[in-house]
Amino acid sequence: MLINEMTKETKKLISTGSLEIDRKMGGGIPFGSLVLVEGGPASGKSSIVQQLLWSALEAGETVALYVTEQTVHSLLKQMGSLGLDVVDHFLTDRLRIFPVAVHRGDIPDLKQFSRHLEEQFPSGVIVIDSLTTIVPSSAGDQIKDFLSECKNLCDSGQVVICTAHEDAFGEEVANRTRSVCDAYIRLHVNRSGASLLKTMEVAKIRGADMKTGNILGFEIEPNRGLRVIPVSMARA
């Protein structure tokens, strides 16, 4: 099963579809979690969250996805190229995709954006890719209020997954954001010759069913999506 249910507590976990990655995540992402996936350019942030939302859709959940760097068509095509075909889910309205246009210099209305997130109920999973371009980097109070609204959604049982660039915010705001989140996954990318080798660091997952792991090496392959590789290769 892609989403595991704990019978007495009806506790559900979102799986990545990979047993090795799930083990590093302590079994998966618990519902009711605010998740931050952070990393530099080309580190695999979008691919990780796409794998999670695909697994949720395959298990019968509904998903609302906010994207800032893709159109609906380009997203569906890109996920299909990774072997994550979500077209049927999109056509049946179980996957709602909202392209968010953010122009340079504009400060988005985060209160209005929060209300839009609330309107997606009963979507079990909400993905924001990426927080970097939606949330103004200097507005610490706005970020705090926005994350509080996201936490309220998680308290009702939803999962909110956000990606962010590793240098998106100042140190104080970044530390506050990471501490508020229930799950924090940090991605790194290293160049080895002509290849980019990626690692995933599972910093924390509150409420994980098993002990979380530390470092996992992975690659993103056409038609296969995520492929686990030895950490020694990723660190080479």
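- Contact of the Gln78 side chain with the Gln70 side chain is registered, since non-hydrogen atoms from C-beta on lie closer than 4.5 Å.
- Between the CD1 atom of Ile143 and the OG1 atom of Thr177 there is a distance of 5.5 Å, given to the nearest 0.5 Å.
- Looking at heavy atoms from C-beta onward, Trp54 lies out of side-chain contact with Leu82 at the 4.5 angstrom threshold.
- Using a 4.5 Å heavy-atom cutoff, the side chains of Val35 and Val160 are not in contact.
- Taking the side chain as every heavy atom from C-beta outward, Phe121 and Gln158 approach each other to under 4.5 Å.
- Here His89 pairs with Glu58, Arg94 under the side chain to side chain donor-acceptor pair (under 3.5 Å) rule; sequence neighbours left out.
- Take Arg96 and apply the side chain to side chain donor-acceptor pair (under 3.5 Å) test, not counting sequence neighbours, and it matches Asp93, Gln120.
- Contact annotation: the side chain of Met25 approaches that of Met200 to within less than 4.5 Å [non-hydrogen atoms, C-beta and beyond].
- Met79 and Leu91 fall within a single hydrophobic cluster, where Ile, Leu, Val, Met, Phe, Trp and Tyr are joined by side-chain heavy atoms under 4.5 Å apart, directly or via other members.
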### Task
For side chain to side chain contact (heavy atoms under 4.5 Å, CB included), just list the numbers for Val159 and Leu153, CA-CA rounded to whole Å, side-chain angles, deciding distance to a tenth of an Å, and then say yes or no.
CA-CA 8 Å; Val159 178; Leu153 294 174; over 6 Å; no
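- Counting only distance, with no hydrogens or angles, the side chain of Thr132 and the backbone of His165 share a donor-acceptor pair below 3.5 Å.
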### Message
Show, in sequence, the C-alpha distance, side-chain angles and deciding distance for Thr62 and Val125, and conclude whether the side chain to side chain contact (heavy atoms under 4.5 Å, CB included) test is met.
### Response
CA-CA 7 Å; Thr62 54; Val125 180; over 6 Å; no
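- A distance of 10.5 Å separates CG of Asp129 from CD1 of Ile161, quoted to the nearest 0.5 Å.
- Panel note: side chain Asp22, backbone Thr16; a donor-acceptor pair is recorded below 3.5 Å.
- When all heavy atoms of Ala42 and Val189 are compared, the closest pair comes out as O-CG2, 3.9 Å.
- Counted within 6.0 Å of CD on Glu171, heavy atoms from surrounding residues, nucleotides or ligands total 12 or fewer; the atom is thus considered open.
- One distance of note links CG of Leu52 with OG of Ser47; it measures 11.0 Å at 0.5 Å rounding.
- The minimum heavy-atom distance linking Pro99 with Val72 is given by the pair CG-CG2, 3.9 Å.
- Judged by distance alone, with hydrogens and angles left aside, the side-chain atoms of Lys204 form a donor-acceptor pair with the main-chain N or O of Cys181 at under 3.5 Å.
- Here the side chains of Leu95 and Val87 are not in contact, with every heavy-atom distance at 4.5 Å or above.
- Relative orientation of the Phe98 and Tyr66 rings is parallel, given thresholds of 30° and 60° on the angle between their planes.
- Checked for salt-bridge contact, Lys12 and Glu61 meet the test: a charged N lies under 4.0 Å from a carboxylate O.
- Remark: side-chain polar atoms of Ser55 are paired, donor with acceptor, to backbone N or O of Ser15 under 3.5 angstrom.
- For the residue pair Ser130 and Thr68, the shortest heavy atom distance occurs at N-OG1, 3.4 Å.
- The two residues Leu117 and Cys150 make their nearest non-hydrogen contact at CD1-SG, 4.2 Å.
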### Stepwise side chain to side chain contact (heavy atoms under 4.5 Å, CB included) test for Thr199 and Leu216
CA-CA 5 Å; Thr199 56; Leu216 176 74; over 6 Å; no
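- Formation of a donor-acceptor pair under 3.5 Å by the Ser33 side chain with backbone atoms of Ile29 is not found in this model.
- Closest of all the heavy-atom pairs between Pro30 and Ile205 is CD-CG2, 3.7 Å.
- Atom CD of Glu69 sits in a sparse spot, with 12 or fewer heavy atoms from other residues, nucleotides or ligands closer than 6.0 Å.
- Connectivity analysis of hydrophobic side chains (ILVMFWY, heavy atoms under 4.5 Å, direct or indirect) links Leu36 to Tyr184.
- Here the CD-OG1 distance, from Gln50 to Thr163, works out to 10.0 Å after rounding to the nearest 0.5 Å.
- Going from atom OG of Ser81 over to atom NZ of Lys77 covers 8.5 Å, rounded to the nearest 0.5 Å.
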### Message
Please determine whether side chain to side chain contact (heavy atoms under 4.5 Å, CB included) holds for the pair Leu75 and Leu65, giving the CA-CA distance in whole Å, both sets of side-chain angles, and the decisive distance to 0.1 Å.
### Response
CA-CA 10 Å; Leu75 174 77; Leu65 170 61; 3.2 Å; yes
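- The stretch residues 38-51 participates, sequence neighbours left out, in these salt bridge (charged side-chain N to carboxylate O under 4.0 Å, His left out) pairs: Glu38-Arg178.
- Partners of Phe90 by ring pair (Phe, Tyr, Trp, His ring centres under 6.0 Å), not counting sequence neighbours: none found.
- One N or O on the side chain of Asp182 and one on the backbone of Leu34 form a donor-acceptor pair closer than 3.5 Å.
- When every heavy atom of Leu187 is checked against every heavy atom of Gly44, the shortest pair comes out as CD1-C, 3.6 Å.
- Side chain of Ser179 to main chain of Asn175: a donor-acceptor pair is present (N/O by atom type, distance under 3.5 Å, no hydrogens or angles).
- Rounding to the nearest 0.5 Å gives a distance of 6.0 Å between SG of Cys162 and CZ of Phe146.
- For the pair Glu149 and Asn152, the minimum side-chain heavy-atom distance is below 4.5 Å.
- Arg176 meets the side chain to side chain donor-acceptor pair (under 3.5 Å) test with no other residue; sequence neighbours excluded.
- For the pair Val63/Ser123, no side-chain contact is recorded, criterion being any heavy-atom separation below 4.5 Å from C-beta on.
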